[in-house]
Amino acid sequence: MSTETKALNFLEHIIEEDLANGLSKDKLRFRFPPEPNGYLHIGHTKAIGISFGLGEKYNAPVNLRFDDTNPAKEEQEYVDAIKEDVSWLGYKWAEELYSSDYFQELYDWAVLLIKEGKAYVDSQSSEAMAEQKGTPTQPGIDGPYRNRTVEENIELFAKMKAGECNEGEHILRAKIDMQHPNMLMRDPIMYRVLKKHHHRTANDWCIYPMYDWTHGESDYIEQISHSLCSLEFKPHRELYDWFKEQVFGFAKNKYPMLPKQREFARLNLNYTIMSKRKLLKLLEEGVVSGWDDPRMPTISGLRRRGYTPQAIRKFVETVGVAKRENIIDVSLLEFCIREDLNKKADRVMAVLNPIKLIITNYPEDKEEWLEAENNQEDDSAGYRKVPFSRELYIEKEDFKEAAGSKFFRLTLGGEVRLKNAYIIKAERVVKDAKGNVTEVHCTYSEDTEKKVKGTLHWVSIKHAIKVEVREYDRLFTDEAPDSHTDKDFMDFINPNSLKIIEAFVEPSLTKAKIGEQFQFQRLGYFNVDKDSTSQKLVFNKTVGLRDSWAKVKPKENNNLQKQPQQNKRSAIEQIKSYGKKYDRMQDQQREKAKAEIQELAKNVTYEDLEPLFGTAVKKTGTRLITMISLGVLLDNGLQKNDAINDFISKALNDKNELLVAEASALK
RNA sequence: UGGCCUAUGGUGUAACUGGUAACACGUUGGUUUUUGGUACCAAAGAGUCUAGGUUCGAAACCUAGUGGGCCAACCA
């Protein structure tokens with residue numbers, strides 16, 4: 001395998017280090033712990049890929065654990081969907097587990113914690129508790145129930161469990177430190193009363209453990225070696241470790257290994273959203289047809305759209321893992337699916353926007369079944385027959401009465417090849433009253449050896465089958481629809497994200513099955529949607545082919561390029577960033593940079609600039625940009641002082657000519 | 001007016017734990033081509049947020065600053 005030469009990511013480094021420090025390889029164990037409160041999306045595939053990928057790499061078990069501690073939001077439907085999606089991606093979990101499996105053990109440990117004086121029942125309103133908790137910048141204060149006796153706590157907790165309390169009346173919290181700088185350590189809640197039906201434990205419980213109390217302990221019970229989660233759980237790690245150590249005291253003989261939580265940056269894709277809540281809103285508002293709408297970033301949506309597990313796994317692998325926030329360009333996802341489908345999808349011919357083509361020298365009653373290669377990338381794909389006749393459809397875009405030399409397609413008097421068939425020459429056009437071309441009349445030649453610039457796809461009108469094609473565009477018009485403070489993500493919905501087209505395809509497609517994938521030649525990859533019936537096939541456009549012709553064509557919306565982050569920085573910061581390279585620039589570049597620095601320097605104060613006077617001698621670039629900025633300040637009336645004179649005279653003696661020149665100008 | 005995380009081409013990830021920035025996508029040219037696809041070749045693009053320091057040597061280590069992110073749900 002070539003993976004051996006591949007650089008390790010930071011998680012693999014941690015594992016390698018643990019292994020080197022004596023952790024036995026057969027102790028490695030991972031888990032993927034979704035909450036069954038929604039469908040999995042492309043963001044989850046990263047977490048899945050990391051944990052299951054590590055499992056494959058180290059040949060270690062990976063559990064699928066449903067974090068089902070909140071019966072208010074969780075449903076069996078989601079459990080089933082999650083299992084289907086993970087399996088579809090091609091991963092096999094060692095065990096299917098549920099946090100709810102551990103409710104009893106967790107409860108027993110909670111009682112032990114109470115006995116040790118490390119947990120207590122609080123009976124205040126949530127508002128009162130929130131107030132005592134303080135804020136990130138202010139410490140909290142102890143509540144009035146913090147020092148209840150162990151006996152009282154035991155009794156109350158038993159009552160909570162027995163169903164004798166109402167929701168909100170009492171909760172159990174850990175007794176840690178209300179002044180702790182980490183807010184999660186300020187006596188976190190462990191249990192709340194919830195009189196709800198649970199999808200697995202039904203009505204057995206009316207108290208439910210909170211995430212922090214459940215998650216780490218579930219890892220511990222399952223003896224997970226490395227518990228990997230996304231960055232926002234970093235502050236939880238301290239609490240994770242605290243609970244873990246308490247419980248270790250109760251169960252170290254049964255469960256000897258302490259798990260280790262590590263965090264990575266989650267996946268973000270531009271032009272889409274990942275939040276389950278917001279995805280649900282798209283559904284409820286009828287923007288999309290369901291969780292598996294092909295425009296959705298859900299795994300089920302991608303699947304229906306025609307994405308393959310291999311492409312998604314490749315994508316996740318390519319994206320990598322690190323700890324910094326990232327936004328990945330959808331073009332990478334598109335690259336991955338094209339790469340995969342290019343090797344796998346059979347090519348066929350389909351015309352989406354037809355114009356009629358009549359071959360005047362081809363007999364009216366004649367038809368030929370010509371041989372066509374299914375996939376030139378795959379020798380085993382074989383050949384099929386496609387019917388040819390006098391009247392064909394070609395793509396409207398493929399004909400222009402007259403065009404420049406860059407247009408390789410059909411023009412009046414021009415010649416072009418029909419894929420798998422003959423070379424034709426356009427002779428004349430028929431137009432309607434408005435002047436639109438309705439028919440192109442051609443002649444054909446059986447000499448197929450001839451070199452012509454363009455090759456067109458086509459379909460015989462008599463034999464074509466009519467199908468529905470659904471063409472998708474991105475769901476949002478903004479690159480980061482949910483990152484605006486002043487606007488709602490719903491404001492950026494692309495009204496044209498779905499286009500339904502009546503198209504014509506070659507007859508070999510009659511027997512196409514749901515889910516089957518094709519390349520419509522010169523157009524893109526398409527699959528058969530589940531909405532297809534025996535009467536009518538429905539195709540989804542998965543992704544278009546790369547189209548370098550589209551780039552040659554005049555473009556419309558070239559505005560709104562991304563603003564580099566630099567522009568948000570202060571003037572002095574921007575000037576400083578020139579410092580690094582200024583002395584290495586070429587003359588022309590340097591002049592431009594100088595002009596910009598001088599412009600920026602208008603917004604710089606002496607206080608901004610002074611610290612730079614001490615810049616090390618070797619950092620000529622920084623001294624140069626400082627000198628230039630200083631010049632602007634002096635021009636604007638700044639008086640010279642000792643520090644300035646000193647800085648200038650030192651520069652005058654420098655060996656760099658540029659610096660000497662700039663300094664002399666200020667002398 | 002706290003704590004924690006983070007900063008490498010346009011995007012994402014690397015750099016054998018200190019030896020002079022690589023890979024992929026994207027971009028731009030070109031070759032091949034019965035897909036303006038694929039494949040192949042080539043090029044441009046960062047000197048590693050800023051400043052100071054340690055060192056013969058720093059993207060990496062230290063200090064300070066700046067930018068970005070996370071933390072105040074009886075959610076996970």
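Everything numeric here is computed off the predicted structure, so don't read it as measured data. In the text below, chain A, chain B and the rest are named by the order of the sequence lines, each starting its count at 1. Reckoned from all heavy atoms, side chains included, excluding hydrogens, waters and symmetry mates.
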In M178(A), R186(A), K175(A), Q132(A), the residue satisfying side chain to side chain contact (heavy atoms under 4.5 Å, CB included) with D142(A) is M178(A)

Using Watson-Crick geometry (N1-N3 plus N6-O4 or O6-N4) or G-U wobble (N1-O2, O6-N3), each under 3.5 Å, rA7(B) is paired with rU66(B)

Between CD1 of I171(A) and P of rA73(B) the distance, given in whole Å, is 13 Å

- Task: Give a yes or no on whether a donor-acceptor pair under 3.5 Å exists between the nucleobase atoms of rG37(B), that is its base, and the side chain of E377(A).
- Result: yes

When K46(A) and P33(A) are each assigned the nearest nucleotide of RNA chain B, the 5'-most assignment goes to K46(A)

Whole-Å distance, L332(A) CG to rG10(B) C1', equals 13 Å

Ignoring hydrogens and geometry beyond distance, is the side chain of Q519(A) in donor-acceptor contact with the base of rU35(B) at under 3.5 Å? yes

Side-chain contact check for H13(A): nearest option of rG36(B), rA15(B), rA14(B) is rA15(B)

Whole-Å distance, M178(A) CE to rC71(B) C1', equals 15 Å

By the Watson-Crick or G-U definition, both distances under 3.5 Å, rA73(B) is matched with none

**Report entry** Residue pair Y240(A) / D212(A), side-chain heavy-atom distance below 4.5 Å
**Finding:** no

Quick note, D329(A) side chain, CB onward, closest among rC25(B), rU11(B), rC5(B) is rU11(B)

When rounded to whole Å, the NZ to C1' distance for the pair K314(A) and rC23(B) reads 12 Å

Across every strand shown, the nucleotide meeting Watson-Crick or G-U wobble geometry with rA46(B) (both distances under 3.5 Å) is none

rG29(B) -> Watson-Crick or G-U wobble partner, both distances under 3.5 Å, gives rC41(B)

Expressed in whole Å, how much space separates the C1' atoms belonging to rA51(B) and rA15(B)?
25 Å

From CG of N326(A) across to C1' of rA14(B) the rounded distance in Å is 15 Å

For this session: Could you tell me whether F315(A) and Y307(A) have their ring centroids closer than 6.0 angstrom?
Result: no

Check whether any side-chain N or O of R192(A) sits under 4.0 Å from OP1 or OP2 of rC75(B), and answer yes or no. yes

- request: Taking atom C1' in both rU6(B) and rC74(B), compute the distance separating them and give it to the nearest angstrom.
  value: 32 Å

Rounded distance in Å between the C1' positions of rG57(B) and rU20(B): 9 Å

Of the candidates rU27(B), rG37(B), rA24(B), the side chain of T318(A) sits closest to rA24(B)

- Task: Select base, sugar-phosphate, or nothing to describe what E449(A) touches, counting heavy atoms under 4.0 Å on all strands.
- Result: nothing

### Message
Less than 4.0 angstrom between a side-chain N/O of R338(A) and OP1 or OP2 of rG37(B), yes or no?
### Response
no

Whole-Å distance, E446(A) CD to rU34(B) C1', equals 16 Å

Report which part of the nucleic acid F264(A) touches: base, sugar-phosphate, or nothing (heavy-atom distance under 4.0 Å, all strands). nothing

Of P34(A) and D547(A), the one whose closest nucleotide on RNA chain B sits nearer the 5' end is D547(A)

T69(A) side-chain N/O to rA76(B) phosphate OP1/OP2 under 4.0 Å:
yes

Quick note, N9(A) side chain, CB onward, closest among rU35(B), rA14(B), rC71(B) is rA14(B)

Applying the 3.5 Å cut-off to both distances, the Watson-Crick or G-U partner of rU54(B) turns out to be none

rG37(B), OP1 or OP2 - any side-chain N/O from S548(A) closer than 4.0 Å?
yes

Per side chain to side chain contact (heavy atoms under 4.5 Å, CB included), F518(A) is matched among V348(A), L341(A), N374(A) by V348(A)

Determine the Euclidean distance between corresponding P atoms of rA39(B) and rA76(B); express it in Å to zero decimal places. 47 Å

Practice problem: Report yes or no: do E263(A) and Q261(A) form a side-chain donor-acceptor pair below 3.5 Å? | Solution: yes

Tested for side chain to side chain contact (heavy atoms under 4.5 Å, CB included) against N70(A), the lone hit among R192(A), K196(A), M210(A) is R192(A)

Relative to its sugar, using the 90° cut-off around 0, the base of rU28(B) is anti

Quick note, N342(A) side chain, CB onward, closest among rU13(B), rG2(B), rG37(B) is rG37(B)

Check the side chains of R31(A) and S227(A) for a donor-acceptor pair under 3.5 angstrom, ignoring hydrogens and angles. yes

Among rU13(B), rC70(B), rG37(B), the one nearest any side-chain atom of P235(A) is rC70(B)

Notebook entry, point to check: Side-chain donor-acceptor pair under 3.5 Å between S445(A) and D447(A), yes or no?
Noted result: no

Practice problem: Can you tell me, in whole Å, how much space there is between the P of rG10(B) and that of rU27(B)? | Solution: 15 Å

Quick note, S126(A) side chain, CB onward, closest among rA76(B), rG36(B), rC74(B) is rC74(B)

Exercise. Would you say the side chain of R409(A) and the base of rG36(B) hold a donor-acceptor pair, judged only by whether the two atoms sit under 3.5 Å apart?
Worked result: yes

Exercise. Which part of the nucleic acid does R546(A) contact within heavy-atom distance under 4.0 Å: base, sugar-phosphate only, or nothing?
Worked result: sugar-phosphate

Syn within 90° of 0, anti beyond: rG47(B) is syn

**Phosphate contact (rU6(B) OP1 or OP2) by K323(A) side-chain N/O below 4.0 Å** = yes

The Watson-Crick or G-U wobble partner of rC23(B), with both key distances under 3.5 Å, is rG12(B)

### Message
Using atom P in both nucleotides, what's the gap between rA7(B) and rA44(B) to the nearest angstrom?
### Response
28 Å

Taken to the nearest 0.5 Å, the spacing of H41(A) NE2 from S275(A) OG works out to 7.5 Å

Check your understanding: Counting any heavy atom closer than 4.0 Å, what does R347(A) reach on the DNA or RNA strands: base, sugar-phosphate only, or nothing?
Key -> base

Review point. With centres under 5.5 Å and planes under 30°, do F335(A) and rG26(B) count as stacked?
Key: no

- Rounded to whole angstrom, note down the C1' distance from rA21(B) over to rA59(B). 8 Å

Exercise. Contact class for N37(A) (heavy atom, under 4.0 Å): base, sugar-phosphate, or nothing?
Worked result: nothing

>> Could you tell me how far rG18(B) sits from rG47(B) if I compare only their P atoms? Round to whole Å.
In response: 24 Å

Among rU34(B), rA76(B), rU35(B), the one nearest any side-chain atom of T448(A) is rU34(B)

In this structure, OG of S100(A) is separated from NE2 of H199(A) (nearest 0.5 Å) by 5.5 Å

Of the candidates rG2(B), rG36(B), rG12(B), the side chain of I328(A) sits closest to rG12(B)

Against the side chain of P136(A), the closest entry in rA76(B), rU34(B), rA72(B) is rA72(B)

*asked:* According to a cutoff of under 5.5 Å between the ring centres and under 30° between the ring planes, does W549(A) stack with the base of rG36(B)?
replied: yes

